[in-house]
Chemist: 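Sharing a structure here in structure tokens format.
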Protein chains: 2
Amino acid sequence: MTTFRITLAYDGANFVGWQRQASGESIQGLVEGALAKLEGHQVDVAGAGRTDAGVHALGQVASFSLEREIDAATIVRALNAHLPETIRVVDAAAAPSDFHARFSARGKTYRYRIWNGEAMNPFERGFAWHVAGALAVDRMNEAARLLEGEHDFAVFQAAGGATSETVRRIDASRVTTEACPPFNLRVHRGSALICYEITGDGFLRHMVRAIVGTLVDIGRGRREVSWMRHVVEARDRTDLSPTAPPHGLFLVSVSYVL
Amino acid sequence: MTTFRITLAYDGANFVGWQRQASGESIQGLVEGALAKLEGHQVDVAGAGRTDAGVHALGQVASFSLEREIDAATIVRALNAHLPETIRVVDAAAAPSDFHARFSARGKTYRYRIWNGEAMNPFERGFAWHVAGALAVDRMNEAARLLEGEHDFAVFQAAGGATSETVRRIDASRVTTEACPPFNLRVHRGSALICYEITGDGFLRHMVRAIVGTLVDIGRGRREVSWMRHVVEARDRTDLSPTAPPHGLFLVSVSYVL
């Protein structure tokens with residue numbers, strides 16, 4: 001048996017998310033289907049981040065073990081030949097036998113992209129949230145920075161999220177209007193692409209999108225910067241901002257101690 | 001009557017092109033439909049470049065005249081309210097009464113984007129041509145530069161193109177791997193985005209895509225750099241390279257002497 005680690009990029013628009021579901025196409029299910037063709041029987045694939053329906057990935061990491069003798073370059077080619085064009089394996093490598101994409105992960109980086117302008121950029125429809133009114137980016141960044149450090153993020157866990165251990169360490173949480181991959185768009189007159197990036201040791205279900213919803217309300221001036229701290233510390237769900245839509249969110253990378 | 005000039009961005013994927021056709025949705029037809037709602041009767045719209053089916057625009061320019069008193073900002077809002085999300089009016093301004101988007105144009109810039117790498121980038125599927133084998137960008141650029149100046153481009157005119165005046169002045173024709181808007185993608189391992197940009201006083205039907213097809217054959221090493229000159233001068237259509245697909249092409253901007 002050889003354990004492999006692969007890196008995937010995908011456009012999440014037409015999938016039910018990373019994880020296999022009772023119905024609908026999942027990225028995990030499609031990767032497992034492609035590996036079953038290679039191996040001749042079911043192969044279990046572990047993903048580092050369970051991205052939700054509609055969420056994209058630039059650098060999702062997954063792991064699995066194969067009995068068949070096969071080299072990493074062949075895995076990339078064979079998987080891409082079987083996967084839909086919206087999912088691409090961009091890298092593969094043999095890994096230590098105890099490597100597990102999820103349990104070995106030390107940290108993850110997510111990026112959320114907002115198109116702020118009266119008219120939506122037609123090329124950003126699937127990859128950024130359109131917020132029309134003016135947003136104060138400096139205030140949003142101030143509020144984002146309040147999340148750096150160790151906090152209990154229970155308030156930002158989606159109703160369906162059943163994790164009881166809700167403390168997470170956030171290494172960086174910033175809002176910028178700088179280059180915002182995968183697309184650095186030429187900015188339309190009076191429009192801007194706003195980029196939120198967060199790196200931490202783990203994330204609760206819908207946590208990043210819930211944070212972005214709160215940041216946008218602060219950017220709009222509906223809430224003070226300090227509201228972010230209040231929401232987290234008081235775990236006050238009564239006035240929680242609407243969760244931002246999934247199509248602006250990208251799993252950028254996963255880090256490991258190797 | 002006031003003459004207006006508008007700038008449009010659109011994702012050309014689901015349209016039959018700029019120009020009205022017997023069937024299918026055209027950008028011109030949709031803009032005219034939106035203006036008819038505003039004006040109460042048919043309004044003729046002239047476009048600077050007649051982009052083909054599937055071709056995108058970052059800065060298409062169109063002109064029309066309205067009887068109704070209306071300001072430019074209202075035109076932007078009203079048109080965007082009626083147009084599909086894939087077409088956005090990004091600017092509008094009153095223009096001299098003799099302004100005509102096509103006949104007043106002095107030059108146009110087109111950009112063609114190629115994703116060169118084994119695996120296609122899932123976020124570029126609709127916006128770049130996937131060419132898998134190695135391409136020699138320096139050779140492509142050398143060949144592209146041969147087109148600068150005044151040439152008879154008859155060989156690159158599509159069968160359906162009926163223009164008899166086929167001499168065009170090309171101000172710039174370059175191939176680079178630098179930033180290539182509207183998306184500046186993070187490059188996957190071993191992959192690159194190749195960008196062809198051409199500025200000239202006018203373009204024949206399918207001309208840019210025919211040039212790109214030839215450039216790619218030169219980049220692949222199937223042809224010498226000098227082949228580009230031979231094709232143009234000899235008007236030799238016998239061994240013409242396949243025309244590049246439309247989804248990699250963008251009308252970037254139109255210039256006017258104002």
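All chains are named by letter (A, B, ...) in the order of the sequence lines, taking the proteins before the strands, and each is independently numbered beginning at 1. Quick caveat: nothing in here was measured; it's all calculated off a predicted structure.
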Chemist: Check step by step if side chain to side chain contact (heavy atoms under 4.5 Å, CB included) holds for A:Met120 and B:Asn80.
Modeler: CA-CA 9 Å; A:Met120 183 59 184; B:Asn80 283 334; over 6 Å; no
Chemist: Does atom CZ of B:Arg50 have more than 12 heavy-atom neighbours from other groups under 6.0 Å away?
Modeler: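 No, because the 6.0 Å sphere around CZ of B:Arg50 holds 12 heavy atoms or fewer from other groups.
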Chemist: Would you please classify the geometry between the B:Phe123 ring and the A:Phe250 ring as parallel, tilted or perpendicular, with 30° and 60° separating the classes?
Modeler: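 It falls in the tilted class, 30° to 60°.
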Chemist: Heavy atoms only: give me the nearest A:Pro122-B:Ala9 pair and the separation to one decimal.
Modeler: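 Closest approach of A:Pro122 to B:Ala9, heavy atoms only: CG-O, 3.6 Å.
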Chemist: Kindly check if the number of other-residue, nucleotide or ligand heavy atoms within 6.0 Å of CG (A:Asn14) is above 12?
Modeler: no
Chemist: Between CG of B:Asn121 and CZ of A:Arg88, what distance do you get to the nearest 0.5 Å?
Modeler: 10.5 Å
Chemist: What part of B:Ala13 gets within 4.5 angstrom of chain A, counting heavy atoms only: side chain, backbone, both, or neither?
Modeler: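 Neither the backbone nor the side chain of B:Ala13 comes within 4.5 Å of chain A.
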Chemist: Does CD in B:Gln21 sit with more than 12 non-hydrogen atoms of other residues, nucleotides or ligands closer than 6.0 Å?
Modeler: yes
Chemist: By a 4.5 Å heavy-atom criterion (distance strictly below it), what part of A:Ala57 contacts chain B: side chain, backbone, both, or neither?
Modeler: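 Contact with chain B involves the backbone of A:Ala57 alone.
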